[in-house]
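Right, one structure below, let's go through it.
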Amino acid sequence: MRLPRWSCSGAAIGRGDINAITAFYADDAVLLPPNAPPFRGKAAIQQFWTGFLASAKVAGTLTPDNVMQSCDLAAEVGHYDLTITPPGGAAIQDQGKYSVTWKKIDGQWKIAVDMFSSNK
């Protein structure tokens with residue numbers, strides 16, 4: 001099984017590359033960020049990432065801890081370590097965890113469900 005390296009999206013997030021980030025998602029994906037309602041569909045997910053990355057510079061790493069696969073579904077569980085720097089503000093260190101459910105669509109792995117939360 002060769003899933004896309006969701007952990008590599010940390011670089012796309014650091015660059016603020018919305019197109020590269022949203023390319024990981026299926027058209028009907030669901031994003032479940034902390035302290036917010038679900039974002040359903042690629043357009044809503046793109047809107048979330050656009051707003052989030054406009055509010056701060058984000059740098060860090062996403063590290064997979066475990067990947068399980070059965071047929072055309074896979075689950076990835078990992079952790080992240082981020083530095084979030086709002087304009088004119090002090091850098092904020094954040095560590096947390098994530099869970100991504102992947103599904104194979106037309107031969108390509110896409111994110112179906114993406115959930116993350118801070119340890120703080």
Side-chain angles (χ1 to χ4, degrees):
M1 172 185 68
R2 287 199 49 98
L3 289 176
R5 295 269 332 242
W6 179 233
S7 59
C8 290
S9 72
I13 291 170
R15 291 190 314 269
D17 189 340
I18 301 301
N19 291 330
I21 295 166
T22 56
F24 285 100
Y25 291 92
D27 291 340
D28 62 347
V30 178
L31 174 64
L32 304 168
N35 305 309
F39 290 81
R40 299 181 185 279
K42 204 172 216 176
I45 292 168
Q46 184 171 11
Q47 182 181 8
F48 167 82
W49 284 114
T50 299
F52 181 73
L53 295 177
S55 69
K57 179 173 175 39
V58 180
T61 58
L62 299 163
T63 305
D65 296 321
N66 190 20
V67 177
M68 302 160 280
Q69 188 236 342
S70 179
C71 301
D72 288 344
L73 290 175
E76 176 182 348
V77 176
H79 65 278
Y80 67 81
D81 188 2
L82 299 177
T83 302
I84 303 166
T85 308
I92 301 163
Q93 298 297 326
D94 188 28
Q95 295 82 38
K97 61 270 182 203
Y98 70 88
S99 177
V100 175
T101 302
W102 297 87
K103 67 180 175 179
K104 202 173 215 181
I105 302 170
D106 298 328
Q108 293 187 349
W109 288 101
K110 296 289 184 176
I111 295 173
V113 180
D114 181 8
M115 182 170 62
F116 61 95
S117 64
S118 175
N119 291 341
K120 296 183 175 193

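Because the structure is predicted, anything quoted here is derived from the model rather than measured. Numbers for residues simply follow the sequence, beginning at 1.
- Side-chain N or O atoms of Y25 include none that pairs as donor or acceptor with a backbone N or O of G41 at under 3.5 Å.
- Distance check, rounded to the nearest 0.5 Å: CG of D72 to NZ of K103 gives 10.5 Å.
- For the residue pair P87 and S55, the shortest heavy atom distance occurs at CD-O, 3.2 Å.
- At a threshold of 4.5 Å between side-chain heavy atoms, the hydrophobic network of Ile, Leu, Val, Met, Phe, Trp and Tyr places M115 and I45 in two separate groups.
- Residue L31 is tested with D114, I111, V113 for a side-chain contact (heavy atoms from CB on, under 4.5 Å); the sole match is D114.
- When all heavy atoms of K110 and A26 are compared, the closest pair comes out as CB-N, 3.7 Å.
- Using a 4.5 Å cut-off on side-chain heavy atoms (C-beta onward), Q69 and W109 make contact.
- I92 has its side chain out of reach of K120: every pair of non-hydrogen atoms, C-beta onward, lies at least 4.5 Å apart.
- Residues L32 and L82 do not share a hydrophobic cluster, clusters being chains of Ile/Leu/Val/Met/Phe/Trp/Tyr side chains in contact below 4.5 Å.
- Both I18 and L62 are part of a single hydrophobic cluster, where members link through side-chain heavy atoms under 4.5 Å apart.
- Between N19 and Q46, the closest heavy-atom pair is OD1-NE2, 3.9 Å.
- By the 30° and 60° cut-offs, the orientation of the rings of W49 relative to F52 is perpendicular.
- Taking CG from L73 and CE from M68, the interatomic distance works out to 11.5 Å, rounded to the nearest 0.5 Å.
- The stretch residues 82-92 participates, sequence neighbours left out, in these side-chain hydrogen bond (donor to acceptor under 3.5 Å, both in side chains) pairs: T83-Q93.
- Across all their heavy atoms, A90 and P86 have their closest contact at O-CD, 3.5 Å.
- Taking both residues in full, the closest heavy atoms of V77 and S99 are given as CG2-OG, 4.2 Å, listed atom of the first, atom of the second, then distance.
- When all heavy atoms of V30 and P38 are compared, the closest pair comes out as CG1-CB, 4.1 Å.
- F116 and W102 fall within a single hydrophobic cluster, where Ile, Leu, Val, Met, Phe, Trp and Tyr are joined by side-chain heavy atoms under 4.5 Å apart, directly or via other members.
- Using a 4.5 Å cut-off on side-chain heavy atoms (C-beta onward), P64 and Y98 make contact.
- The backbone N or O of S118 sits less than 3.5 Å from a side-chain atom of K97, completing a donor-acceptor pair.
- The structure places CG of D81 at 8.5 Å from CG of D94, a figure rounded to the nearest 0.5 Å.
- Hydrophobic clustering places F39 together with V58 (ILVMFWY residues linked when any side-chain heavy atoms are closer than 4.5 Å, directly or through intermediates).
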